[in-house]
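This is a predicted model, so every value here is computed, not measured. Numbering starts at 1 and runs along the sequence shown.
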Amino acid sequence: MAPRILHYVNKQLRYYSTSFTSGRNYDAIVVGGGHNGLVAAFYLARAQKRVCVLERRHILGGAAVTEEIIPGYKFSRASYVLGLLRPIVYEDMELKRHGLKVYPRDPSSYTPLHEKNWQSGCARSLILGPHEAQNYQQIAQFSEKDAKAYPQFESQLNRFAEALECLLDCAPPDISRFYSAGFADKIKQLSALRLLAKA
């Protein structure tokens with residue numbers, strides 16, 4: 001998460017929540033100021049809850065932080081995958097307006113082999129990306145059978161992801177409550193159950 005965005009999140013939390021002072025009562029205490037903790041605190045504070053975020057480190061953001069670990073070189077802690085950052089969070093926190101920029105990775109992964117597994121004339125790493133022909137060449141260094149099967153494997157994973165995506169933004173249905181509920185409540189819960197059945 002870019003420093004400008006973290007500054008915005010901090011500002012929003014200060015706006016919505018109460019400052020931490022001795023003896024202060026809170027509605028919620030969020031332990032950990034990583035990206036998940038900050039998003040949770042944001043929504044709690046926006047709902048007019050008194051929120052305290054506790055973070056051990058000198059910087060907020062957790063895995064979404066980019067830090068200069070070696071002088072002159074910046075590293076991502078782990079924020080290279082944004083698939084689970086829901087569009088509604090983008091919108092509610094106005095992340096794009098506050099500086100969030102997403103750069104597609106190409107290649108998307110690099111997996112080096114340990115040198116004890118190096119063999120003369122054989123591959124020393126696996127590089128994968130959005131290009132099917134290049135992926136085939138990379139995987140074929142290890143197994144032509146796997147290289148041929150990889151597009152089908154990716155297609156199946158994409159179908160799973162599409163089936164489950166609709167469930168990420170809704171509360172899980174309470175099946176036991178559904179059976180004991182009246183007709184009107186059953187109708188309300190049907191939409192969530194329909195999504196679950198579709199998945």
Side-chain angles (χ1 to χ4, degrees), residues 1-10 32-40 42 55-170 195-196 198-199:
M1 198 176 285
R4 185 176 164 196
I5 295 169
L6 287 178
H7 171 73
Y8 164 70
V9 171
N10 293 339
H35 55 293
N36 290 320
L38 292 174
V39 170
F42 172 85
E55 172 56 49
R56 181 184 60 160
R57 298 193 69 221
H58 67 285
I59 187 170
L60 293 172
V65 168
T66 299
E67 288 188 89
E68 192 172 345
I69 299 172
I70 301 169
Y73 295 91
K74 293 184 178 180
F75 295 84
S76 164
R77 284 289 181 185
S79 58
Y80 56 90
V81 175
L82 287 175
L84 293 178
L85 179 54
R86 307 303 300 149
I88 189 68
V89 176
Y90 275 92
E91 294 165 17
D92 288 349
M93 298 183 80
E94 301 179 89
L95 295 180
K96 288 184 180 177
R97 189 167 73 85
H98 292 280
L100 177 65
K101 291 181 181 177
V102 177
Y103 298 97
R105 297 174 300 142
D106 185 9
S108 55
S109 71
Y110 167 72
T111 309
L113 291 179
H114 192 281
E115 59 184 13
K116 71 179 182 182
N117 295 319
W118 290 358
Q119 297 176 16
S120 177
C122 293
R124 296 184 176 186
S125 65
L126 176 67
I127 300 172
L128 296 175
H131 311 291
E132 190 173 317
Q134 291 176 11
N135 289 341
Y136 182 92
Q137 291 174 349
Q138 284 289 311
I139 298 170
Q141 297 175 105
F142 303 95
S143 165
E144 279 207 35
K145 181 182 175 184
D146 288 347
K148 288 176 182 174
Y150 186 70
Q152 184 181 352
F153 169 72
E154 267 203 325
S155 175
Q156 188 174 26
L157 278 183
N158 287 334
R159 286 200 303 274
F160 290 155
E162 287 169 9
L164 295 173
E165 185 178 19
C166 60
L167 298 175
L168 295 178
D169 294 327
C170 65
L195 290 172
L196 185 61
K198 180 183 175 184

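Here the CD1-CD distance, from Ile139 to Gln137, works out to 11.0 Å after rounding to the nearest 0.5 Å. Rounding to the nearest 0.5 angstrom, the gap separating the OH atom in Tyr73 from the CD atom in Glu68 is 10.5 Å. One finds the CD atom of Glu55 at 8.0 Å from the CG atom of Leu38 (value rounded to the nearest 0.5 Å). With rounding to the nearest 0.5 angstrom, the NE2 atom of His35 is 13.0 Å from the CG atom of Leu60. With values rounded to the nearest 0.5 angstrom, Thr111 atom OG1 is found 9.0 Å from Ile127 atom CD1. Considering CG of Asn36 and CG of Leu85, their distance stands at 9.5 Å, rounded to 0.5 Å.
Across all non-hydrogen atoms, the minimal contact from Pro130 to Asp106 is CD-OD1, 3.4 Å. Across Gly129 and Ser108, no two heavy atoms sit closer than the pair CA-OG, 3.6 Å. The shortest heavy-atom contact between Asp92 and Phe42 is O-CZ, 3.5 Å. The two residues Met93 and His98 have their closest heavy-atom pair at O-CD2, 3.9 Å. The shortest non-hydrogen separation linking Ala140 to Ala147 is N-CB, 3.7 Å. Across every non-hydrogen atom of Ala123 and Gln141, the tightest pair is CB-OE1, 3.3 Å.
For the pair Glu132/Pro151, a side-chain contact is recorded, criterion being any heavy-atom separation below 4.5 Å from C-beta on. Under the 4.5 Å side-chain criterion, counting only non-hydrogen atoms from C-beta, Tyr150 is in contact with Leu128. Residues Phe142 and Leu113 form a side-chain contact, since some pair of their non-hydrogen atoms from C-beta on lies under 4.5 Å apart. For the pair Tyr90 and Lys96, the minimum side-chain heavy-atom distance is below 4.5 Å. A 4.5 Å side-chain heavy-atom check between Glu91 and Arg97 finds every atom pair outside the cut-off. Put simply, the side chain of Phe153 does not reach to within 4.5 Å of the side chain of Asp146, judged on heavy atoms.
With a 6.0 Å radius and a threshold of 12 heavy atoms from other residues, nucleotides or ligands, Glu154 has its CD atom above the threshold. Other residues, nucleotides and ligands contribute at most 12 non-hydrogen atoms within 6.0 Å of the CD atom of Gln152.
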Trace of the side-chain contact (heavy atoms from CB on, under 4.5 Å) decision for Leu126 with Tyr110
CA-CA 6 Å; Leu126 176 67; Tyr110 167 72; over 6 Å; no
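In this structure a side-chain-to-backbone donor-acceptor pair under 3.5 Å is missing from His131 to Ala133.
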